[in-house]
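Take a look at the structure set out below.
Ligands are counted one by one from 1 in listed order, and the atoms in each one are counted from 1 as well.
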Amino acid sequence: MDIEKVNSMDFGEFVDVFGNVIERCPLIAAAVWSQRPFSDLEDLKKHFFAFIDALPQSGQEGILRCHPDLAGSELRRGTLTAESQREQSGAGLTTLGADERLRLEELNARYRARFGFPFVLAARFSDRAAASRELERRLLCPSAQELRTALGEVKKIGSLRLADLLRADPAKL
Ligand SMILES: NC(=O)NC1=NC(=O)NC1=O
């Protein structure tokens, strides 16, 4: 899909296509639509990220809370979004052994209890071993730093999803 096609989209089409670039936060696409026309993918990405960066901390934490746990209950229940399902299975998180899954579950619970939002990692840049290693490392970080790190992961996930969409053939959307 080229940027001209994106710029020609009406509001509904734009949110249909880009509403899950940031997991379960269609509001962001709904806001970014009014920034059109976009010069290219980078410009579109810049507007998504600028919206996130301009939010108060409560809004940024809200974005993180919209993310399903890695290898969590939503994965088991099959209620992940298509993007999350692909990302998590690509990182080998759908085939964890029981002990690995329980370990992640326990770490996720400790992380959420500490920071008040779930651990977020761009799974496509990771694998099952790296996920729990990163979780253990980041669990020890100061809260302000961890918020910035987590939002950086949200942006990595969003970048990959945008790149997929811009490469996608509109007929298949
Ligand atoms: N908690 C998470 O990090 N979730 C996810 N990371 C991804 O890359 N996809 C997800 O669903």
query: Any idea which heavy atoms bring Asn20 and Arg161 closest together, and the distance?
result: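 Shortest heavy-atom separation between Asn20 and Arg161 comes out as O-NH1, 2.8 Å.
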- request: Measure up the Trp33 and Phe11 rings against each other and bin them: parallel (under 30°), tilted (30 to 60°), perpendicular (over 60°).
  value: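 Answer is perpendicular, since the angle exceeds 60°.
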query: Can you tell if the side chain of Glu134 reaches within under 4.5 Å of the side chain of Phe119, non-hydrogen atoms only?
result: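 Counting from C-beta outward, Glu134 and Phe119 do come under 4.5 Å.
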field: Distance-only polar pair, side chains of Ser84 and Glu23, donor-acceptor under 3.5 Å
entry: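 Note: Ser84 and Glu23 side chains meet the donor-acceptor criterion.
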- request: Check whether any side-chain N or O of Glu61 sits under 3.5 Å from a backbone N or O of Phe115 as a donor-acceptor pair, and report yes or no.
  value: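 No; judged by distance alone, with no hydrogens or angles, the pair does not exist.
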query: Salt bridge between Glu13 and Arg36, side-chain N to carboxylate O under 4.0 Å?
result: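 Judged by the 4.0 Å cut-off on N to carboxylate O distance, Glu13 and Arg36 do not form a salt bridge.
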Ligand 1: which protein N/O atoms lie under 3.5 Å from its N/O atoms?
residue  : atom   : partner : partner atom : Å
ligand 1 : 1 (N)  : Pro68   : O            : 2.8
ligand 1 : 1 (N)  : Phe119  : O            : 2.8
ligand 1 : 3 (O)  : Leu121  : N            : 2.8
ligand 1 : 3 (O)  : Leu121  : O            : 3.1
ligand 1 : 4 (N)  : Pro68   : O            : 3.2
ligand 1 : 6 (N)  : Leu121  : O            : 2.8
ligand 1 : 8 (O)  : Leu121  : O            : 3.3
ligand 1 : 8 (O)  : Ala123  : N            : 2.8
ligand 1 : 9 (N)  : Glu87   : OE1          : 2.7
ligand 1 : 11 (O) : Ser84   : OG           : 2.8
ligand 1 : 11 (O) : Gln88   : NE2          : 3.3

